[in-house]
Amino acid sequence: MLMTSDLRVGTVFKSGKDIVVVQRMLGNKGGRGGVVVKMRVKNLLTGSTSDLGLDAGEKFEDVSLDVHKMKLSYIDGENYVFIDQESYEQFELTKEDLGDNADYITPEDDFDAEITFYEGKPVGVVLPISIERTITYCEPGIKGDTSGKSSKPATLDSGLVCQVPLFCEIGTRIRLDTRDGTFQERVK
Amino acid sequence: MTLDIVCRVVDNYGDIGVVFRLARALSELPTAPRLRLIVDDLGAFNRIEPSVDPAAPAQRVRGWTVLSWSGPTPASAAAFELAYRGDPARVVIECFACGRPDWLEAMLFDPACEARKTIVNLEYLTAEGYAEEFHRMPSLTRSSSVRKHMFLPGFTEKTGGLILDRAYMGARERTRTEILEGIGIDDGPLLEGLAGLFWIVVFGYERDYRRIVDDIAEFSRERPVLALVAHGKSAACFSRAWEGAGRPFQALDLPFMRQEAWDEVLVASDFLVVRGEDSMARAALSGKPFLWQAYPQDGAHQLVKVAALLGRMRPHFSEADFSAIEAAFLAFNDRLSDGDDVAGSERIYPLLSLGAEGRAGFEEFSESLVRNGNLASALMTFLREIV
């Protein structure tokens with residue numbers, strides 16, 4: 001069974017007869033009883049998408065689907081082409097299929113992603129929890145502030161804007177968590 | 001319609017307090033639903049509503065069926081069976097995402113029963129903007145025959161509003177002498193003397209209350225004060241500060257009170273120091289000046305919640321009055337944890353001595369909340385749309 005806290009972009013789960021994939025995490029709010037999560041899901045049977053609020057208490061049935069490890073081959077406009085490392089077969093996913101994950105990817109990436117298949121079609125991507133990105137823009141760094149307690153917005157080479165500690169500068173390579181886009185550490 | 005209202009008591013009496021209040025408000029509606037209340041801590045329920053038997057797993061209280069979360073025992077199996085005979089659980093109000101007991105879960109998710117069931121997660125009260133965003137939002141369960149939705153109380157008309165139960169709204173009619181008699185003070189002259197003072201309720205978390213006591217002492221030189229010290233976390237801390245200051249005003253330790261008696265005290269008072277969401281909602285509805293203490297959260301996140309409430313209050317006050325209110329609220333809540341030695345920079349003298357315009361601001365805020373409507377009515381309207 002999957003708890004709400006196990007769900008992330010690309011997770012496929014069952015709700016009754018429907019099979020849904022998480023496309024976007026639209027924010028979470030901490031309540032006294034737990035976190036309430038807002039997410040956009042796509043119903044793989046009907047193709048419809050909807051925004052949902054999920055509280056921490058609900059459990060869902062995991063769906064056993066084919067999962068293949070692949071690397072990104074190239075990006076063609078709104079389409080992301082991945083290549084199976086064993087069969088060398090190529091599969092195309094749309095930016096919509098990738099959901100929030102599209103914000104973490106650049107054409108140069110070489111990491112393994114897990115592509116989920118449903119009825120022979122790729123329907124979702126799960127990225128490694130931790131990936132490296134380069135800051136392409138942020139306000140100048142503050143030397144000496146290594147506490148990491150204060151933060152500023154930074155634009156990454158994938159286009160994603162995330163919060164980074166004040167000591168970061170343009171060109172700094174950072175590691176971030178793809179589950180929520182949080183800064184993990186500076187890569188030395 | 002029959003509603004199963006599910007409550008797990010997390011701490012203190014806030015959760016069960018909201019459930020009890022909601023049950024009363026629902027029962028007061030012109031087309032009142034039948035109610036089954038499923039509660040994990042009947043002892044806590046008993047303290048705010050003494051007619052609840054803490055040892056009875058199935059019982060009738062005020063026309064409601066009250067059931068223990070732990071489910072039927074051999075001795076109570078017949079009572080549970082009777083509670084659901086011909087009227088199985090179809091609409092569940094899950095309070096604060098507390099989950100459901102296994103026996104109710106089995107009933108809701110019985111694969112042999114394809115009838116549509118609905119669960120509504122009634123969330124905690126917040127003034128933050130996300131209440132509007134999440135209110136009435138669809139959710140999911142593991143079964144297509146069990147649908148779930150979110151329902152958020154709040155301070156705007158785009159949320160579920162606040163519970164406007166008749167007992168609370170009618171509590172304004174009780175006189176102070178009746179209230180004092182209700183808590184056991186029956187000496188005539190003493191009663192009259194206390195009734196005429198400026199009443200300040202003190203119901204907070206553990207804290208160093210010296211600054212607040214000093215401010216009340218200063219104010220009491222202009223207007224004699226009676227501090228009504230609520231039973232619980234802040235009582236000893238406040239009394240210590242009050243003793244240390246040489247008992248500069250009159251103070252009365254309140255016993256633990258059933259909810260309706262507590263409501264009467266809140267409404268009859270002139271100034272309220274309250275903690276938690278339910279008492280904050282009551283304070284806001286009372287139209288009296290109040291100071292809210294939110295429970296501490298990681299990274300002092302309670303300040304976000306306090307700032308959100310202040311944002312809802314702001315339009316009802318002049319800039320000068322609001323500055324004093326804002327400063328007091330933020331200083332009182334700026335801490336990482338609670339404890340006897342946790343002190344802040346709060347000044348409540350400016351709030352105690354608010355002029356007519358400032359006091360009218362609190363009344364105006366209360367009126368705006370009443371205009372948003374009764375949460376109980378809004379919940380039933382929503383259920384009629386989705387069930």
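Just so it is clear, the values below take in all heavy atoms, side chains as well, and ignore hydrogens, waters and symmetry mates.
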| said: Let me confirm one number: the CD-CD distance from A:E58 to B:E94, rounded to the nearest 0.5 Å. | reply: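 The distance works out to 6.5 Å.
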
Sort A:M1 into side chain, backbone, both or neither according to what part of it lies under 4.5 angstrom from a heavy atom of chain B.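 Side chain only.
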
Got a sec: does the [atom1] of [X] have more than 12 other heavy atoms crowding it under 6.0 Å?
X      : atom1 : answer
B:D102 : CG    : no
A:Q184 : CD    : yes
B:E385 : CD    : yes
B:K158 : NZ    : no

- [ ] Name the region of B:R8, side chain, backbone, both or neither, that has any atom closer than 4.5 Å to a heavy atom of chain A.
- [x]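 Neither part, no heavy atoms under 4.5 Å.
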
**Most chain B-contacting option - heavy-atom pairs closer than 4.5 Å, from A:K59, A:K14, A:K38** =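 Of the options given, most contacts go to A:K38.
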
*Between B:S144 and A:K17, which heavy-atom pair has the shortest distance, and what is it?*
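The pair with the smallest heavy-atom distance is OG-N, 3.7 Å.
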
Contact listing (chain A partner; residues 132-142 of chain B; heavy atom under 4.5 Å):
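B:E133, B:F134, B:M137, B:P138, B:S139, B:L140, B:T141, B:R142, listed by number.
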
**Report entry** Pairs of heavy atoms under 4.5 Å with chain A: top-ranked of B:T126, B:D298, B:N121
**Finding:**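 Heavy-atom pair counts peak at B:N121.
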
